[in-house]
Amino acid sequence: MRVRPERARDLGGDMQMQMKALRKVSRAEASLQRAWEAAAPDELVHRCTLAGIRAGKVIVHVPDAPTRYIAQQWLRSGGLGELSALAKLPIRGVQFQLVAAR
């Protein structure tokens, strides 16, 4: 007679896998935040907010269009490479989102 194995009823393995993924994301965002504060000009650090990173794209919240323009110019002039090197993350690009200033 064939004996079927008991069904797995615990979620331990799934929970451990999700916790590893969360730790990895947290470390990546923390290193990105430190790199942004170290590399970006003071004006951008005070006016822009990092929202996170998704699929290699950094999401930055900016309060207005002139600030976005300044940030884009800084990134094009070598800021993106410096940010990527300091954060030790592969960054494909930066996506800006206009949000109201707090």
Closest non-hydrogen atoms of A51 and H61, given as atom of the first, atom of the second and distance, are CB-NE2, 3.5 Å
Could you walk me through whether M19 and M17 pass the side-chain contact (heavy atoms from CB on, under 4.5 Å) test, one step at a time? CA-CA 5 Å; M19 290 301 290; M17 193 167 54; over 6 Å; no
Mind checking whether L86 and I91 sit in one hydrophobic cluster, side chains of I, L, V, M, F, W, Y counted as touching below 4.5 Å? no
Quick check for you: to the nearest 0.5 Å, what is the distance between M15 atom CE and Q18 atom CD? 8.0 Å
If you look only at pairs with a residue in residues 39-64, which of them pass as a salt bridge (Lys or Arg N to Asp or Glu O under 4.0 Å), with sequence neighbours excluded? R47-D64
With the side chain counted from C-beta on, respond yes when L83 and L32 share a heavy-atom pair under 4.5 Å apart, and no when they do not. yes
Say whether L75 and L98 are linked into one hydrophobic cluster, either directly or through other cluster members, by side-chain heavy-atom distances under 4.5 angstrom. yes
Rounded distance [0.5 Å steps], CG in L44 versus CZ in R68: 13.5 Å
Interatomic distance, CD@E82 vs CH2@W36, rounded to 0.5 Å, equals 11.0 Å
Work out which heavy atom in S31 is nearest to a heavy atom in A87; give both atom names and the distance. OG-O, 3.3 Å
Per side chain to side chain contact (heavy atoms under 4.5 Å, CB included), L50 is matched among V58, V94, I59 by V58
Measuring from Q95:CD to Q97:CD, what's the distance to the nearest 0.5 Å? 5.0 Å
For Q33 and E29, does a side-chain donor sit closer than 3.5 Å to a side-chain acceptor? no
Answer yes or no: is there a side-chain heavy-atom contact under 4.5 Å between V99 and P63? no
Look at the side chain of S84 and the backbone N and O of L80, then say whether any donor-acceptor pair between them is shorter than 3.5 Å. no
